[in-house]
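Following: one structure in structure tokens, then a few remarks.
Sequential numbering from 1 along the given sequence is applied to the chain's residues. Remember, it's a predicted structure, so these values are computed and weren't measured experimentally. The analysis underlying the following values was restricted to heavy atoms, covering all of them including side chains, and did not include hydrogens, waters or symmetry mates.
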Amino acid sequence: MVFLVIAVGFFYALPNIYGEDPALQISGSHGVELDQKTVDNIKATLDAKSIDGNYEFQNEQLLIRFKNTDDQLTAREIVNKTLNDNYIVALNLAPATPEWMRNLGMHPLKLGLDLRGGVHFLMEVDMDEAMKKMRTQLTNDFRTELRNRGIRLSGVKSENDYVVVEFKDEAVRDEAQKVLADNHKDFKVVSQDIGDKFIVRATMTPQKLSEVRTNAVDQNINIIRNRVNELGVAEPLVQRQGADRLVVELPGVQDTARAKEILGATATLEFRLVDTSADVQAAAAGHVPAGTEVINDAKGYPVVVQKQVILTGDHIVDASSSADENGRPQVNISLDSRGGTIMSNFTKDNIGKPMGTNFIEFVVLPTENPDDPQPGEPGYKPKFKKIQRMINVATIQSRLGTNFRITGLDSPKEAHNLALLLRAGALIAPIQIVEERTIGPSLGQQNIQNGLNAMLYGIIFLVIFMVIYYKSFGFIANLALIFNLVLLVGVMSLIPGATMTLPGIAGIVLTLGMAVDANVLIYERIREEIRHGSPIQQAINEGYARAFVTIADSNITSFITALILFMVGTGAVKGFALVLMIGLASSMFTAVTACRAVVNIVYGGRNLKKLSI
């Protein structure tokens, strides 16, 4: 059993000796598939530039392996010029594992950001804006629900943490309160009289409030993942940290400006009806008709639009950039079924009226007081400014459905970026990058070398000490040490999603030291039994039997600590805890079971007068 387990561990640890090849990963984007004709075109272009590569085309994705990073970088520039924006070209490091190993599911360890190089972002979600957006949606829902029931209301608005609905009649107010309370069980709905106004106030219960906050972060994580996929990054990490923060790690990415532009952008759209009866100049001067607001277009001209939003970007399922019949940039929009129904019902009743497309984004305001926490410091809370721009006003010519287009954009690049953001999804709430780190590939390689050197020096020191101090038994302990390392790497290579980081290497070194700890306890117990006059075979048996309880207690408590670290920790802490847990389990097996098996093979059944310990 011992040798079978070690053989399996060695087998799955083998891929790690082959290293990685610099590679390009090419795939289609927003509905465009990478076909064999495009692959042949790429190959012919690179062959013409005398760039050799190994081509692997499967699952509509092309992977090109190169001999060195110079060929990889040159090839990326050539391929980017050859292909259009409908394809994603990403740098990658592809495992050089033989094909027969890959077919058996054998893969090398995945390296973390600190070992491979790339970009690390810590982002914070603006919960205040998320709650404000939620209350705005509720005002529209309340208005629609009551009107569908034939209940007349004077107005509905968001006020602090409440949604307030006004009525002119007490009986109507009481009926509306019952309707809203029945339809919204997660809200506390109360009535109130203020002068001649009869009011219903609705506020979220603590459970609903917590759910909304959690969903805001979770939905932003999903959207960020979609945007990372658009960037074409191999093996990215996007995970939650704390109540309102998330961590994004992009291995291999060095262009932080482009990454920040795509990940941090909060672009979304609103479709609103333009009020043609309003005096534009008077509205621009501050005399805005009730139920409307003024939004400037790209050239700074004011446009008066209804406050009520017809449709938001939340219903957009696909967007692509192209050129219209006159060669001007445009974005083609596809809506989900609910969004298509809303747009269809609205446009059929408003043919001949102008509808505006409002582009919304949030920018982070600089900290006004220099004494306040700055970005990246504890307690920093970003403040956002909402920027709106009417990018398009068009007359509704016919009934629209799930597909239509937006024109009036300044450039093809603007159209491409807008399509990318809308396709990946609009963020539920603005996010602020509160911490940013860039790790170069050379530093990652240096970290690997330093980590391996630390491990090598530690192993050499342990091997020499154990052989000098425990003689033949020290040699057996060293053999178990090697078995432990092989098992640890093999198991880590088997676990999907497991990533080796610099703290993970520290965890390996710590595990090896703790594994020797177990051998020291056993050997000292055997020595003690011999000093007390026990026969050699009995001393060996008692040494392993009595030391086992102490070793188990020590490892179990350490395992529980590592498990807690893994459950509550993030990033590097999580990686360290995972390695430590696997190492503790493998060291228990190698230091006790495997060592005992070797001792039995060497010394079992022999009448010994002296023991080399």
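Arg76 CZ to Thr74 OG1: the interatomic distance, rounded to the nearest 0.5 Å, is 10.0 Å. Interatomic distance, Leu24 CG to Phe66 CZ, rounded to the nearest 0.5 Å: 4.5 Å. For the atom pair Ile396 CD1 and Phe271 CZ, the distance stands at 11.0 Å (nearest 0.5 Å). From Met343, atom CE reaches atom CD1 of Ile333 across 9.5 Å, with rounding to the nearest 0.5 Å. Here the straight-line distance linking atom CG of Leu311 with atom CG of Leu335 works out to 5.5 Å at 0.5 Å rounding. Put simply, CD on Gln308 and CD on Glu270 are 11.5 Å apart, with the number rounded to the nearest 0.5 Å.
Between the side chains of Thr347 and Arg399, no donor-acceptor pair is found at a separation under 3.5 Å. Side-chain contact annotation: Gln72 with Asn68, donor-acceptor N/O pair under 3.5 Å absent. Between the side chains of Thr38 and Asp35, a donor-acceptor pair is found at a separation under 3.5 Å.
Residue Thr292 comes nearest to Gln306 through the heavy atom pair CG2-OE1, 4.0 Å, listed as atom of the first residue, atom of the second, then distance. When all heavy atoms of Ala23 and Leu63 are compared, the pair lying nearest together is CB-CD1, 4.0 Å. Minimum heavy-atom separation, Ile310 to Leu273: CD1-N, 3.6 Å. What you find for Met500 and Leu109 is that their closest heavy atoms are CE-CD1, 3.9 Å. When all heavy atoms of Asp21 and Ala96 are compared, the pair lying nearest together is OD2-CB, 3.6 Å. Nearest heavy-atom pair across Arg245 and Val217 is O-CG1, 4.4 Å.
Residues forming a side-chain hydrogen bond (donor to acceptor under 3.5 Å, both in side chains) with Asn403 (at least two apart in sequence, or on another chain): Ser334. For Ser277, the side-chain hydrogen bond (donor to acceptor under 3.5 Å, both in side chains) partners are Asp275, not counting sequence neighbours. The side-chain contact (heavy atoms from CB on, under 4.5 Å) test applied to Thr214 returns Ser210, Asp218, Arg240, not counting sequence neighbours. With sequence neighbours left out, the salt bridge (Lys or Arg N to Asp or Glu O under 4.0 Å) criterion links Lys49 to no other residue. In this view, Glu77 satisfies the side-chain contact (heavy atoms from CB on, under 4.5 Å) rule with no residue, not counting sequence neighbours. Under the salt bridge (Lys or Arg N to Asp or Glu O under 4.0 Å) criterion, Arg328 pairs with Asp324, sequence neighbours left out. Taking the salt bridge (Lys or Arg N to Asp or Glu O under 4.0 Å) definition, one finds that Asp70 meets it with nothing, sequence neighbours left out. The side-chain contact (heavy atoms from CB on, under 4.5 Å) test applied to Asn183 returns Glu145, Arg149, Val179, not counting sequence neighbours. For Phe187, the ring pair (Phe, Tyr, Trp, His ring centres under 6.0 Å) partners at least two apart in sequence or on another chain are His184. Listed by chain and number, the residues in a side-chain contact (heavy atoms from CB on, under 4.5 Å) with Lys67 amount to none (sequence neighbours excluded). Partners of Asp297 by salt bridge (Lys or Arg N to Asp or Glu O under 4.0 Å), not counting sequence neighbours: none found.
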Give the intermediate values and the outcome of side-chain contact (heavy atoms from CB on, under 4.5 Å) for residues Val119 and Val248. CA-CA 8 Å; Val119 183; Val248 180; over 6 Å; no
Give the C-alpha distance, both sets of side-chain angles, the deciding distance and a yes or no for side-chain contact (heavy atoms from CB on, under 4.5 Å) between Gln241 and Leu246. CA-CA 5 Å; Gln241 178 169 307; Leu246 53 123; over 6 Å; no
Please assess Ile26 against Val79 for the test side-chain contact (heavy atoms from CB on, under 4.5 Å), listing each intermediate value before the final yes or no. CA-CA 9 Å; Ile26 305 170; Val79 172; 3.8 Å; yes
Determine, step by step, whether Asn296 and Tyr301 satisfy the side-chain contact (heavy atoms from CB on, under 4.5 Å) criterion, reporting the C-alpha distance in whole Å, the side-chain angles of both residues, the deciding distance to 0.1 Å, and the verdict. CA-CA 5 Å; Asn296 293 336; Tyr301 295 123; over 6 Å; no
Distance-only donor-acceptor pairs under 3.5 Å for side chains of residues 278-291, two or more places apart:
unit_1: Asp279; atom_1: OD1; unit_2: Gln281; atom_2: N; d: 3.2
unit_1: Asp279; atom_1: OD1; unit_2: Ala282; atom_2: N; d: 3.3

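Applying the 6.0 Å contact sphere to OH of Tyr55 captures more than 12 heavy atoms from other residues, nucleotides or ligands. Residue Gln36 qualifies as enclosed at atom CD: its count of foreign heavy atoms under 6.0 Å is above 12.
In this structure the side chain of His107 never reaches within 4.5 angstrom of the side chain of Pro15, judged on heavy atoms. Side-chain atoms of Ile42 and Leu62, non-hydrogen and from C-beta on, do get closer than 4.5 Å to each other. At least one side-chain heavy atom of Leu400 sits less than 4.5 Å from a side-chain heavy atom of Met355. Taking 4.5 Å as the limit, every side-chain heavy atom of Ile64 sits out of range of all side-chain heavy atoms of Asn54. For the pair Pro108/Tyr18, no side-chain contact is recorded, criterion being any heavy-atom separation below 4.5 Å from C-beta on. Side-chain contact between Phe142 and Leu153 is absent, with no heavy atoms from C-beta onward closer than 4.5 Å. The shortest side-chain heavy-atom distance between Ile78 and Ile51 falls under the 4.5 Å cut-off. The side-chain heavy atoms of Glu249 and Phe121, taken from C-beta on, include no pair separated by under 4.5 Å.
Remark: Glu293 does not engage Lys307 in a salt bridge, criterion side-chain N to carboxylate O under 4.0 Å.
Proximity of a side-chain donor or acceptor of Asn41 to a complementary backbone N or O of Lys37 within less than 3.5 Å is not detected. Although no hydrogens or angles enter the test, the distance criterion places no donor-acceptor pair under 3.5 Å between the side chain of Asn350 and the main chain of Lys353.
The side-chain contact (heavy atoms from CB on, under 4.5 Å) test with Val247 is passed by exactly one of Ile221, Leu122, Val238: Leu122.
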